[in-house]
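These notes concern the structure reproduced below.
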Amino acid sequence: CPSMAEPVHTIADFLTVVRKSGLLSEGQLTEATAAWPDPTLELPDELPAALIDAGLLTAWQVKQLRKGKHKGFMLGKYKLLGLLGSGGMNSVYLAENPTIGKKVAIKVLPVNRVEQTSFLARFEREARVAFHLGHQNIARAFDKEQSGSIHFIVMEYVEGIDLYSKVKNEGPLDIRDAADYIRQAALGLHYAHEEGLVHRDIKPANLILDRKGAIKILDLGLALEDDGDDEASLTKAYDEKVLGTADYLAPEQARDSHK
């Protein structure tokens, strides 16, 4: 059980955990660790660093392995490479489909949220809403799957930085850049509105800037569909009055998130 894992201390401990994880073949492991023939020695930082440099493991995987964790690296057919972000409602991982070598983002609903309030219902609706949207300024969703008790959405991986983090790290945006990012977000929202959707949680953290300067809108977990029937049943069943993020709520949304 990962929660009962103990940190590794020796080379032998580390190799045992790596073997149990199934992340590397025996041949890959033998070749990569040839410079450390004595497994009884304390694990040197250089050994896992060499595996990272060789592209065999990611820094996130090594961090988990050094804690003694050998489970949780595969989700269905996807290999988890790293944690992109996490919050109260879900965690998002960078993953790879080993069959085709394509990187994707995987949004995972925490197991302890499945039975709570409307989390699972909203998660499933987010997937359904996202599947039929196709716009250059909205991150695509490809699939919704379940592995055991874990529900997850497979999404487009956007390599870049969200605007909240960008401003926090680098300071205020150039006026021209800010105007361009707003323009792109507005185009994506306009398309969503034409498809009968209101996002309801637009904020800098849900706008990611990719390496080519394109803005992608993330997180349709609170999107309102124009018929409102499904939404009304969810909010009434779980007595939710206001949805969104307080700092960015539109006044009319604060008054009534459902109309």
Side-chain angles (χ1 to χ4, degrees), residues 1-114 123 142-162 165 169 208 211:
C1 175
S3 60
M4 301 296 289
E6 295 183 1
V8 302
H9 298 290
T10 67
I11 293 175
D13 293 340
F14 181 71
L15 297 183
T16 297
V17 175
V18 175
R19 287 188 178 97
K20 286 183 178 179
S21 76
L23 287 170
L24 300 180
S25 69
E26 191 61 37
Q28 287 175 314
L29 200 55
T30 300
E31 183 178 348
T33 59
W36 295 274
D38 186 353
T40 63
L41 295 176
E42 184 174 343
L43 177 66
D45 291 338
E46 291 79 9
L47 194 159
L51 295 173
I52 295 171
D53 291 342
L56 297 174
L57 295 174
T58 67
W60 176 81
Q61 289 169 340
V62 164
K63 184 177 180 181
Q64 306 308 308
L65 292 165
R66 294 190 74 154
K67 291 177 183 177
K69 297 182 178 182
H70 65 270
K71 296 181 180 179
F73 293 107
M74 297 297 296
L75 201 51
K77 61 177 175 285
Y78 297 97
K79 179 189 293 186
L80 301 187
L81 304 177
L83 180 65
L84 294 174
S86 62
M89 292 178 68
N90 49 62
S91 297
V92 181
Y93 293 89
L94 174 63
E96 181 183 60
N97 182 334
T99 307
I100 58 176
K102 181 181 177 63
K103 288 184 179 178
V104 295
I106 290 186
K107 179 178 285 192
V108 178
L109 181 66
V111 174
N112 64 347
R113 293 292 195 187
V114 172
F123 196 73
F142 303 126
D143 206 355
K144 181 199 173 291
E145 297 186 25
Q146 183 175 351
S147 178
S149 59
I150 300 175
H151 298 258
F152 60 98
I153 302 172
V154 182
M155 306 176 68
E156 172 187 4
Y157 168 53
V158 183
E159 191 170 358
I161 185 171
D162 69 77
S165 299
N169 297 340
I208 192 164
R211 293 194 167 188

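These numbers come from the heavy atoms of this one structure, side chains and all, not from hydrogens, waters or symmetry mates. This structure is a prediction, so every number in the text was calculated from the model and none was measured. All residue numbers in this chain count up from 1 along the given sequence.
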Determine whether Ile106 and Leu75 satisfy the following criterion, side-chain contact (heavy atoms from CB on, under 4.5 Å), listing intermediate values before the conclusion. CA-CA 9 Å; Ile106 290 186; Leu75 201 51; 4.0 Å; yes

With sequence neighbours left out, the residues meeting ring pair (Phe, Tyr, Trp, His ring centres under 6.0 Å) with Tyr93 are Trp60

Nearest 0.5 Å please: distance from the [atom1] atom of [X] over to the [atom2] atom of [Y].
| X | Y | atom1 | atom2 | answer |
| --- | --- | --- | --- | --- |
| Lys69 | Ser21 | NZ | OG | 14.0 Å |
| Lys20 | Leu15 | NZ | CG | 12.5 Å |
| Asp143 | Phe152 | CG | CZ | 8.0 Å |
| Lys63 | Thr58 | NZ | OG1 | 11.5 Å |
| His151 | Lys107 | NE2 | NZ | 15.0 Å |
| Leu94 | Leu84 | CG | CG | 5.0 Å |

How far apart are the closest heavy atoms of [X] and [Y], and which atoms are they?
| X | Y | answer |
| --- | --- | --- |
| Tyr157 | Lys103 | CB-O, 3.9 Å |
| Asn97 | Lys77 | ND2-CE, 3.7 Å |
| Ser147 | Gly76 | OG-N, 3.8 Å |
| Ala105 | Val92 | CB-CG1, 4.1 Å |

Main chain of Leu80, side chain of Gln61: is a donor-acceptor contact present, judged purely on distance under 3.5 Å? yes

Backbone of Gly148 reached by a side-chain donor or acceptor of Gln146 within 3.5 Å: yes

Would you please name every residue forming a salt bridge (Lys or Arg N to Asp or Glu O under 4.0 Å) with Glu26, sequence neighbours left out? Arg19

Can you tell me which residue pairs pass the ring pair (Phe, Tyr, Trp, His ring centres under 6.0 Å) test with a partner in residues 12-35, sequence neighbours excluded? none

Applying ring pair (Phe, Tyr, Trp, His ring centres under 6.0 Å), which residue pairs with at least one partner in residues 21-44 are found, sequence neighbours left out? none

Contacts table for residues 45-57: side-chain donor-acceptor under 3.5 angstrom, sequence neighbours left out:
residue	atom	partner	partner atom	Å
Asp45	OD1	Arg66	NH1	3.1
Asp45	OD1	Arg66	NH2	3.1

Partners meeting side chain to side chain donor-acceptor pair (under 3.5 Å) with Thr10 (sequence neighbours left out): Asp13

Go through the steps to decide whether His70 and Thr16 satisfy the test side-chain contact (heavy atoms from CB on, under 4.5 Å), and finish with yes or no. CA-CA 9 Å; His70 65 270; Thr16 297; over 6 Å; no

